[in-house]
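Heads up, the thing below is written out as structure tokens.
What you see is a predicted model, and the numbers here were worked out from it, not measured in a lab. Every chain is numbered from 1 and lettered A, B, ... according to where its sequence line falls, protein lines coming before strand lines.
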There are 2 protein chains.
Amino acid sequence: MIYNDDSAIGKRLRRLSHIIDYDARRLYKEHGIHFEQRWFGVINELMSNGPMSVKELSVSLKITHVSVSETRKSLEIKNYIQSTPDKDDARRRLLSITDEGQLFIKTISPIWGALEEVSKELNEETNNVVQGLDKLDAALTKTSLYERALMKIR
Amino acid sequence: MIYNDDSAIGKRLRRLSHIIDYDARRLYKEHGIHFEQRWFGVINELMSNGPMSVKELSVSLKITHVSVSETRKSLEIKNYIQSTPDKDDARRRLLSITDEGQLFIKTISPIWGALEEVSKELNEETNNVVQGLDKLDAALTKTSLYERALMKIR
DNA sequence: TGACAATATGTAGGCACCTACACATATTGT
DNA sequence: ACAATATGTGTAGGTGCCTACATATTGTCA
């Protein structure tokens, strides 16, 4: 008996995300730029929406507040963003891009532009794999893999 | 300017693989079984092909020998597999499943069976997302994301 | 209004993978 | 035959995400 279970999907997802992350990192590196993939979402959101809290970012990026918090820290150390306590709610910190961050964005925008084109190209070459991934996301949101498996076992 | 580059693909891949890994882990856990996702490939290969070396496993699983080596160690600690030096080549270690490993496989096979069904179900609900992922893999193998991006920049 | 629940953020530790490097053993070419 | 090279495996450390837990602040309602 040879199994070919969801790890067939999970495995592919893992492999591809690592390949893409690695190649993107290499691209920045070869251009003499230190850029961490996880920065992208936060920078992009702040760029388009202005100041946002950790929680807000975690919702729109669909990752945990913990990840956002860690990313915030690394971006703040680099001085690309800053965080100020919200006066109306002392629990929240409002993150925003610094002037240095703006400069950094200018530096990397040619790379972002290139990657965006590549993204489109790849999606075309794969018969819209993005749509398939979104369907997978929706399917799992509706009924989780855990629930689905439980039903099969019983 | 709002970018929506390959991180749009990379991000989705990362998110989905984490969701799937987490849910699968939860499934084992709730059945009182400690199972690590990374074990699946190695166990499955050894099950269907008999003893294999670290290198051979890394090739057929399309992961690095380092990952296989780490997985080997954890499976060996659990006493689910054993490794013996190859007499014809002292550099190689041949990995094989132990009797205890066989028993363990019996324990988890209902779960593997369920997950396999779920996998098929999900692939149907997503218009064959697996095919899309394989196309993405092939596209990136032919011309890497790095190369593609370089061409766009110049 | 004051205890209890909800919310926002942070820290510690885990997971599955990776590269860079180190080491031992085999293979090759002159 | 033996130095140079290739191959198999292992360790150290990194990446981006996660859960579980801790802490501080805010909101709620008897």
_Please tell me if A:S69 has a side-chain N or O lying less than 4.0 Å from either OP1 or OP2 of C:dG10._
yes

*Decide whether A:S144 and A:E147 meet the rule of one side-chain donor and one side-chain acceptor closer than 3.5 Å.*
yes

*asked:* Using a 4.0 Å heavy-atom cut-off, does A:R15 contact any base of the nucleic acid, only the sugar-phosphate backbone, or nothing at all?
replied: nothing

_Rounded distance (Å) that lies between atom P of D:dG16 and atom OH of A:Y22_ = 14 Å

*Rounded to the nearest Å, what distance is computed from the NE2 atom of residue A:H65 to the C1' atom of nucleotide D:dC17?*
13 Å

*Check whether the side chains of A:T71 and A:W39 place a donor and an acceptor atom closer than 3.5 Å, and report yes or no.*
no

*Starting from the 5' end of DNA chain D, give me the residue, A:A90 or A:V66, whose nearest nucleotide shows up first.*
A:V66

*Do B:D86 and B:R93 come within less than 4.5 Å of each other through their side chains, counting heavy atoms only?*
no

*Closer than 4.0 Å, any side-chain N/O of A:K73 to the OP1 or OP2 of C:dT9?*
no

*Does A:H18 lie flat on the base of C:dC18, that is, centres under 5.5 Å apart and planes under 30° off?*
no

*Do A:R148 and B:D23 meet the salt-bridge criterion of a basic N to acidic O distance under 4.0 Å?*
no

*What is the distance from CZ of B:R12 to P of D:dC17, rounded to the nearest Å?*
14 Å

*Starting from C1' on D:dC18, measure out to CG on A:L61 and report it in whole angstrom.*
15 Å

*Choose from C:dC17, D:dT15, D:dG10 the nucleotide whose nearest atom is closest to any side-chain atom of B:R38.*
C:dC17

_Distance-only donor-acceptor test, B:R91 side-chain atoms vs D:dT7 base atoms, 3.5 Å_ = yes

_Heavy atoms from C-beta onward define the side chain here; which of D:dT9, D:dT15, C:dA16 lies closest to that of B:R92?_
D:dT9

_Testing the basics here: between B:T126 and A:K135, what is the closest heavy-atom pair and its distance to 0.1 Å?_
CG2-C, 3.8 Å

*Report the nucleotide, chosen from C:dG10, D:dG16, C:dA16, that has the shortest atom-to-atom distance to any side-chain atom of A:R14.*
C:dA16

*For the pair made of CZ in B:R26 and C1' in D:dC18, what is the distance, rounded to whole Å?*
14 Å

*Starting from the 5' end of DNA chain D, give me the residue, A:T71 or A:K87, whose nearest nucleotide shows up first.*
A:T71

*Applying a 3.5 Å limit to both distances, which nucleotide forms a Watson-Crick or G-U wobble pair with C:dA22?*
D:dT9

*asked:* Which is more 5' along DNA chain C, the nucleotide nearest A:L94 or the one nearest B:D86? Just name the residue.
replied: A:L94

*Is there a donor N/O on one and an acceptor N/O on the other, under 3.5 Å, for the side chain of B:E70 and the base of C:dC18?*
yes

*Distance check: side-chain N/O of B:R25 vs OP1/OP2 of C:dA16, anything under 4.0 Å?*
yes

*Quick one: do A:R92 and A:E56 make a salt bridge, cutoff under 4.0 Å?*
yes

*asked:* Of the listed nucleotides (D:dT9, D:dT19, C:dT19), which one gets closest to any side-chain atom of B:S53?
replied: D:dT9

_Complement of C:dG29, any strand, by Watson-Crick or G-U distances under 3.5 angstrom_ = D:dC2

*Identify which nucleotide among C:dT19, D:dC17, C:dA8 has an atom closest to any side-chain atom of B:T64, counting heavy atoms from C-beta outward.*
C:dT19

*For C:dC17, does either OP1 or OP2 sit under 4.0 Å from a side-chain N or O belonging to A:K11?*
no

*asked:* Please tell me if A:S67 has a side-chain N or O lying less than 4.0 Å from either OP1 or OP2 of D:dC17.
replied: no

_Considering all heavy atoms, the nearest B:L115-A:A149 contact_ = CD2-CB, 4.1 Å

*What is the distance from CG of A:L16 to C1' of C:dC18, rounded to the nearest Å?*
15 Å

*Send over the distance from B:D21 CG to D:dC18 P, rounded to a whole Å.*
12 Å

*asked:* In whole Å, I'd like the distance from the CD atom of A:E36 to the C1' atom of D:dG13.
replied: 15 Å

